[in-house]
Amino acid sequence: MATAKDLIGRWDIVSWEQVFDDGRRELPMGDKLHGFIRYTEDGDMMCMLARAERPNFTSGGQWNASDEEKARAYTSMLAYGGRFSVDGDVVSHRVNISMFPNWVGGEQKRRLVRNDDGTIALTARMEEGTPQARTVRLVWRKAGGEA
């Protein structure tokens, strides 16, 4: 059984897979991604994930790039943060900032599994009851650690 202390520190992303109820498998950021999740001793958490090779804007800057380029940037990165707690094998992220407005004020629950190689997996059910219902699995390696 994990405790909050077991998660403290930075964890680098290893993989992210989604398995839809209809059998489809998807790698939302491709097979080359980078990012991290960080848990602090005082209960804060933040998560940032992105495709490893995101194209630069060519039509402008962060505010005046084309709508197409901004949409591509949005779909190639995930970022959110807030507070966290651990209860048994469930890690709860209470979201207070997110690139997804619908997550703010909500809670993202993840099942925590420790793997034999030292990595951890965080899994969750997403969009239950919709055609997009799926199980997501993100594997993380402790930064600076051997796994």
Side-chain angles (χ1 to χ4, degrees), residues 1-57 62 65 67-147:
M1 185 150 333
T3 68
K5 280 189 169 193
D6 296 328
L7 293 180
I8 300 305
R10 176 185 165 129
W11 296 80
D12 294 325
I13 190 69
V14 175
S15 64
W16 176 5
E17 179 183 46
Q18 299 187 136
V19 179
F20 291 81
D21 290 356
D22 64 9
R24 288 178 290 141
R25 294 177 109 55
E26 184 178 277
L27 303 174
M29 299 292 168
D31 61 355
K32 295 179 183 170
L33 69 160
H34 67 244
F36 65 90
I37 193 165
R38 181 182 298 274
Y39 296 101
T40 68
E41 289 183 14
D42 62 354
D44 286 330
M45 64 77 53
M46 63 181 286
C47 178
M48 297 187 75
L49 299 170
R51 284 187 181 275
E53 298 171 7
R54 300 171 74 210
N56 290 335
F57 292 152
Q62 67 188 47
D67 288 344
E68 181 181 311
E69 286 183 313
K70 286 189 276 188
R72 187 174 54 234
Y74 176 89
T75 59
S76 65
M77 185 166 184
L78 167 76
Y80 73 98
R83 306 283 294 163
F84 84 99
S85 61
V86 177
D87 183 14
D89 67 349
V90 176
V91 181
S92 297
H93 299 156
R94 290 177 302 287
V95 180
N96 61 30
I97 189 167
S98 175
M99 68 179 289
F100 302 140
N102 294 7
W103 280 20
V104 175
E107 191 170 49
Q108 295 292 314
K109 292 186 178 221
R110 308 288 185 255
R111 183 170 172 263
L112 169 66
V113 174
R114 292 172 182 252
N115 299 316
D116 292 339
D117 64 359
T119 61
I120 60 170
L122 297 178
T123 62
R125 288 289 296 165
M126 305 294 282
E127 300 187 53
E128 197 71 67
T130 75
Q132 295 301 311
R134 64 197 178 278
T135 299
V136 299
R137 182 175 188 263
L138 291 92
V139 177
W140 307 88
R141 176 179 295 115
K142 187 80 176 229
E146 304 269 331

*Asks:* Would you say R24 has more than 12 foreign heavy atoms packed within less than 6.0 Å of its CZ?
*Replies:*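 Above 12, so yes.
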*Asks:* Do you see a donor-acceptor pair shorter than 3.5 Å between the side chains of Q132 and R134?
*Replies:*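 Per modelled atom types, Q132 and R134 side chains form no pair under 3.5 Å.
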*Asks:* Can you name the nearest heavy-atom pair linking T130 to E127, along with the distance?
*Replies:*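 Residues T130 and E127, closest heavy atoms: OG1-O, 2.7 Å.
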*Asks:* With a 4.0 Å cut-off, would you call D21 and R125 a salt bridge?
*Replies:* yes
*Asks:* Indicate the atoms forming the closest heavy-atom contact of C47 with I37, along with that distance.
*Replies:*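 For C47 versus I37, the nearest heavy atoms are CB-CG1, 4.0 Å.
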*Asks:* Minimum heavy-atom separation for F57 to K70, with atom names?
*Replies:* CE2-N, 4.1 Å
*Asks:* Start with the C-alpha gap between E107 and V95, add the side-chain angles, then the distance that decides, and say whether side chain to side chain contact (heavy atoms under 4.5 Å, CB included) holds.
*Replies:* CA-CA 6 Å; E107 191 170 49; V95 180; over 6 Å; no
*Asks:* Drop me the distance from D44's CG to F84's CZ, to the nearest 0.5 angstrom.
*Replies:*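 D44 atom CG to F84 atom CZ measures 8.5 Å (nearest 0.5 Å).
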*Asks:* Got a salt bridge between R141 and D117, using NZ or NE/NH1/NH2 to carboxylate O under 4.0 Å?
*Replies:*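 No salt bridge links R141 with D117.
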*Asks:* Distance check, rounded to the nearest 0.5 Å: K142 atom NZ versus L7 atom CG?
*Replies:* 7.5 Å
*Asks:* May I ask you to test the W16-L78 pair for a side-chain heavy-atom distance under 4.5 Å?
*Replies:* yes
*Asks:* So R54 and M77, do their side chains get closer than 4.5 Å, heavy atoms only?
*Replies:*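 Yes - at least one pair of side-chain heavy atoms lies under 4.5 Å apart.
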*Asks:* Are any non-hydrogen side-chain atoms of Q18 and V136 less than 4.5 angstrom apart?
*Replies:* yes
*Asks:* Could you measure the distance from the CE atom of M99 to the CE atom of M48? Nearest 0.5 Å is fine.
*Replies:*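 Answer rounded to 0.5 Å: 9.5 Å.
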*Asks:* List the atom of P55, the atom of R72, and the distance in Å for their closest heavy-atom pair.
*Replies:*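 So the minimum-distance heavy-atom pair works out to CG-NE, 3.3 Å.
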*Asks:* Rounded at 0.5 Å granularity, tell me how far CE in M29 sits from CG in L49.
*Replies:*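 Nearest 0.5 Å value for the CE-CG distance: 6.5 Å.
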*Asks:* Within the 4.5 Å heavy-atom criterion, are V90 and L112 side-chain neighbours or not?
*Replies:* no
*Asks:* Which atom pair, heavy atoms only, marks the closest approach of I120 to N115?
*Replies:*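 Closest pair (atom of I120, atom of N115, distance): C-ND2, 3.8 Å.
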*Asks:* Could you grab the distance from atom CG of L27 to atom CG of L33, nearest 0.5 Å is fine?
*Replies:* 8.5 Å
*Asks:* Determine whether more than 12 heavy atoms belonging to other residues, nucleotides or ligands lie under 6.0 Å from atom CG of D67.
*Replies:*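 Atom CG in D67 is not packed in, count stays at 12 or less.
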*Asks:* Counting C-beta onward and ignoring hydrogens, is there a side-chain heavy-atom pair between I13 and W140 closer than 4.5 Å?
*Replies:*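 Yes, at least one pair of side-chain atoms sits under 4.5 Å.
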*Asks:* Contact between R38 and W11 at the side-chain level, heavy atoms closer than 4.5 Å - yes or no?
*Replies:* no
*Asks:* For residues P28 and R51, report the shortest heavy-atom separation together with the two atoms involved.
*Replies:*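 Smallest heavy-atom distance, with atoms named: O-NH2, 3.6 Å.
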*Asks:* Starting from the C-alpha separation in whole Å, work towards a yes-or-no answer on side chain to side chain contact (heavy atoms under 4.5 Å, CB included) for M45 and Y80.
*Replies:* CA-CA 9 Å; M45 64 77 53; Y80 73 98; 3.7 Å; yes
*Asks:* Side chains of M46 and Y39: closer than 4.5 Å at any heavy-atom pair?
*Replies:* no
*Asks:* Let's go through H93 and R110 carefully: what are the C-alpha distance in whole Å and the side-chain angles of both, what is the deciding distance for side chain to side chain contact (heavy atoms under 4.5 Å, CB included) to 0.1 Å, and is it a yes or a no?
*Replies:* CA-CA 8 Å; H93 299 156; R110 308 288 185 255; 4.2 Å; yes
*Asks:* Please walk me through it: do T123 and R137 pass side-chain hydrogen bond (donor to acceptor under 3.5 Å, both in side chains)?
*Replies:* CA-CA 4 Å; T123 62; R137 182 175 188 263; over 6 Å; no
*Asks:* Under the criterion side chain to side chain contact (heavy atoms under 4.5 Å, CB included), I'd like the reasoning laid out for V113 against D89: C-alpha separation, chi angles, the key distance, then a yes or no.
*Replies:* CA-CA 7 Å; V113 174; D89 67 349; over 6 Å; no
*Asks:* Would you say N56 has more than 12 foreign heavy atoms packed within less than 6.0 Å of its CG?
*Replies:* no
*Asks:* Rounded to the nearest 0.5 Å, how far apart are CZ of R114 and OG1 of T119?
*Replies:*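 Reported to 0.5 Å precision, the distance equals 11.0 Å.
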